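As the structure is a computational prediction, the values presented were derived from the model and not from experiment. One-based numbering along the sequence shown.
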Amino acid sequence: MKAVTTAFSALAMLALSPTTHAQEPVTISAELEQKVIEWRRDLHQHPELSNREFRTSKVLAEHLNALGMEVETGVAHTGVIGVLEGANPGPVIAMRADMDALPVVEKADVPFKSTAVSEYRGEEVGVMHACGHDLHMSMLMGAAEKLASMKDELNGTVVFIFQPAEEGAPKGEEGGAELMLKEGLFERYKPEAVFGIHVWSAGTAGHIGYREGPLMASSDRFEITVKGQQTHGSRPWGGVDPIVAAGQIISNTQTIISRQVDITKAPAVVSFGIVDGGIRNNIIPDEVYLEGTIRNFDMGNRAQIFENLTTTAEMTAKATGAEAHVHIDEGYPVTINNVALTRQMLPTMERVAGKENVHVNDLVTGAEDFSFFALDVPGLFVFLGVTPEGQDAKTAPSNHSPYFYADESSLKVGTELYVNWALDYSNL
């Protein structure tokens with residue numbers, strides 16, 4: 001935590017000092033832009049699921065090796081790290097792109113449509129880059145090539161992180177950003193800041209959405225097993241009804257957000273998605289299973305919700321004579337943009353995309369495991385719109401949709417944003 005505090009303090013001081021950004025952004029050539037598009041299409045046609053990104057990691061490693069970088073493979077199973085040392089002394093920063101695809105059958109009508117299949121939870125499934133990770137990788141590949149060509153002008157070191165399993169590791173496996181950190185990624189390279197971009201169908205192509213502080217919610221799954229005593233439906237007094245107890249638990253837990261958590265800090269949601277119990281209309285079962293999700297934007301509130309959910313479920317069940325056993329599977333924490341870093345890099349975003357195309361983003365209740373990186377060192381994570389100009393982004397097929405579509409003109413903006421972040425930060 002000492003290193004984090006030091007980096008944060010340095011950034012806080014920088015936020016109060018004059019900005020030293022260049023007047024004009026560094027741009028990429030039409031030739032490199034075409035390469036980025038071609039890489040994107042190749043990766044799109046060859047998607048791979050979490051912790052199974054074998055071909056993907058080979059493509060990435062070959063690219064970084066060809067640029068003369070120090071390359072590390074096999075990080076968190078299939079992750080790839082490239083290290084570019086500038087000619088001049090300066091800070092170490094990290095830039096991250098995720099690698100994995102989703103078990104989704106592509107229905108978008110594009111010439112490079114994915115027809116890949118794989119196994120997911122024991123079943124054969126179609127695989128698609130329905131969340132845009134193919135764009136993320138190709139933009140960072142382009143930034144790596146551009147920055148490598150400018151090595152003599154670069155102060156410090158850029159660590160390129162290609163991270164597997166952002167969508168979640170298969171059951172029984174570890175993966176993603178959390179495993180990378182567990183394996184000592186940041187301890188080895190010691191970045192003082194980390195940057196990331198996520199393409200976003202809810203934004204117009206080339207537009208950037210940013211937000212200081214919390215941007216994306218934490219995502220946690222809970223399971224509640226309500227145990228009663230089976231009896232005939234005509235004689236409910238002969239047993240303990242877990243269905244009634246479960247119904248009261250569902251109702252009572254809604255007061256956690258409305259009455260027990262300080263919602264002036266940040267919004268939060270507790271939602272049930274599974275209610276499973278009973279096999280016959282006139283038999284009160286022994287057990288009911290409940291499952292749901294918790295979304296929240298404040299780490300303190302998150303801990304309180306965990307505690308209150310457990311207490312409410314257990315005490316509600318006890319009042320009916322039943323028992324409730326609660327398990328909370330902690331997922332991704334809140335994605336938090338460091339305020340000082342965000343303010344310092346805002347001029348860079350405005351110069352790259354145009355000030356009129358940079359907007360404060362709404363809070364997003366989806367979750368991202370970039371959050372682990374940004375809790376370890378100051379981080380900046382932004383959304384890059386990919387819906388074509390003239391189309392209503394609000395109604396465009398969302399990320400994770402089989403119809404997800406990305407306007408490839410956004411690739412140039414994202415690539416140049418990574419490049420200019422690196423150059424501008426190194427000159428602060």
[Y] and [X] side chains, donor-acceptor separation under 3.5 Å:
X: Asn337; Y: Glu212; result: no
X: Glu192; Y: Tyr425; result: yes
X: Asn420; Y: Thr348; result: no
X: Arg52; Y: Ser118; result: no
X: Asp262; Y: Asn301; result: no

[X] (side chain) donor-acceptor with [Y] (main chain) under 3.5 angstrom:
X: Tyr418; Y: Arg96; value: yes
X: Glu416; Y: Ile28; value: yes
X: Asp407; Y: Val386; value: no
X: Glu106; Y: Ser114; value: yes
X: Glu53; Y: Pro47; value: no
X: Thr253; Y: Ile250; value: yes
X: Tyr332; Y: Glu166; value: yes
X: Ser218; Y: Asn296; value: yes
X: Glu223; Y: Asp329; value: no
X: Arg188; Y: Glu183; value: yes

If you take all heavy atoms of [X] and [Y], which pair is closest and at what distance?
X: Thr78; Y: Pro164; value: OG1-CB, 3.2 Å
X: Leu32; Y: Gly142; value: CD2-O, 3.7 Å
X: Ala324; Y: Ile249; value: CB-CD1, 4.2 Å
X: Gly206; Y: Asn357; value: O-CB, 4.3 Å
X: Val352; Y: Pro25; value: CG2-CB, 4.1 Å
X: Ala422; Y: Leu147; value: CB-CD1, 3.8 Å

Beyond-backbone contact of [X] with [Y], side-chain heavy atoms, under 4.5 angstrom:
X: Asn155; Y: Asn427; result: yes
X: Val83; Y: Met69; result: no
X: Val413; Y: Leu384; result: yes
X: Pro333; Y: Leu375; result: yes
X: Leu140; Y: Met95; result: yes
X: Asp298; Y: Val334; result: no
X: Leu346; Y: Thr342; result: no
X: His46; Y: Thr56; result: no

So does [X] pair up with [Y], basic N to acidic O under 4.0 Å?
X: Glu48; Y: Arg55; value: no
X: Asp286; Y: Lys227; value: no
X: Glu408; Y: Arg41; value: yes
X: Glu33; Y: Lys412; value: no

[X] [atom1] to [Y] [atom2] distance, which is reported to the nearest 0.5 Å:
X: Phe297; Y: Ile263; atom1: CZ; atom2: CD1; answer: 13.5 Å
X: Asn65; Y: Glu70; atom1: CG; atom2: CD; answer: 10.5 Å
X: Glu72; Y: Ile81; atom1: CD; atom2: CD1; answer: 6.0 Å
X: Ile294; Y: Arg302; atom1: CD1; atom2: CZ; answer: 8.5 Å
X: Met139; Y: Met141; atom1: CE; atom2: CE; answer: 12.5 Å
X: Glu291; Y: Phe272; atom1: CD; atom2: CZ; answer: 11.0 Å

Count the heavy atoms belonging to other residues, nucleotides or ligands that lie under 6.0 Å from [atom1] of [X], then report whether that count exceeds 12.
X: Glu178; atom1: CD; value: no
X: Glu123; atom1: CD; value: no
X: Asp109; atom1: CG; value: no
X: Lys113; atom1: NZ; value: yes

For the pair Asp424 and Arg351, evaluate salt bridge (Lys or Arg N to Asp or Glu O under 4.0 Å) and give the outcome as yes or no after the intermediate values. CA-CA 11 Å; Asp424 288 353; Arg351 287 186 301 108; 2.3 Å; yes
So if I apply the side-chain contact (heavy atoms from CB on, under 4.5 Å) rule between Ile197 and each of Trp421, Phe383, Phe381, which one comes out positive?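 Exactly one pass, corresponding to Trp421.
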Can you confirm if the aromatic rings of His207 and Trp200 lie within a centre distance of less than 6.0 Å?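 That pair fails the under 6.0 Å test.
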What verdict does the side-chain contact (heavy atoms from CB on, under 4.5 Å) test give for Leu135 and Val36, after you've listed the backbone C-alpha separation in whole Å, the side-chain angles of each residue and the deciding distance to 0.1 Å? CA-CA 9 Å; Leu135 287 93; Val36 172; over 6 Å; no
Using 30° and 60° as the class boundaries, would you call the ring planes of His136 and His198 parallel, tilted or perpendicular?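 If you compare the ring of His136 with that of His198, the planes turn out perpendicular.
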Using the rule given for side-chain contact (heavy atoms from CB on, under 4.5 Å), can you reason through Gln163 versus Phe373, listing the C-alpha separation, both sets of side-chain angles and the distance that settles it, and then say yes or no? CA-CA 11 Å; Gln163 177 217 303; Phe373 292 139; 3.4 Å; yes
Could you give me the CA-CA distance, side-chain angles and deciding distance for Leu309 and Ile256, then say whether side-chain contact (heavy atoms from CB on, under 4.5 Å) is met? CA-CA 7 Å; Leu309 178 67; Ile256 293 172; 4.0 Å; yes
Summary of side-chain hydrogen bond (donor to acceptor under 3.5 Å, both in side chains) pairs that have at least one residue in residues 312-321, sequence neighbours excluded: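 Residue pairs passing side-chain hydrogen bond (donor to acceptor under 3.5 Å, both in side chains), neighbours aside: Asn252-Thr316.
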In sequence, state the C-alpha distance, the side-chain angles, and the governing distance for Asp98 and His133, and then conclude on side-chain contact (heavy atoms from CB on, under 4.5 Å). CA-CA 6 Å; Asp98 35 15; His133 297 184; 3.2 Å; yes
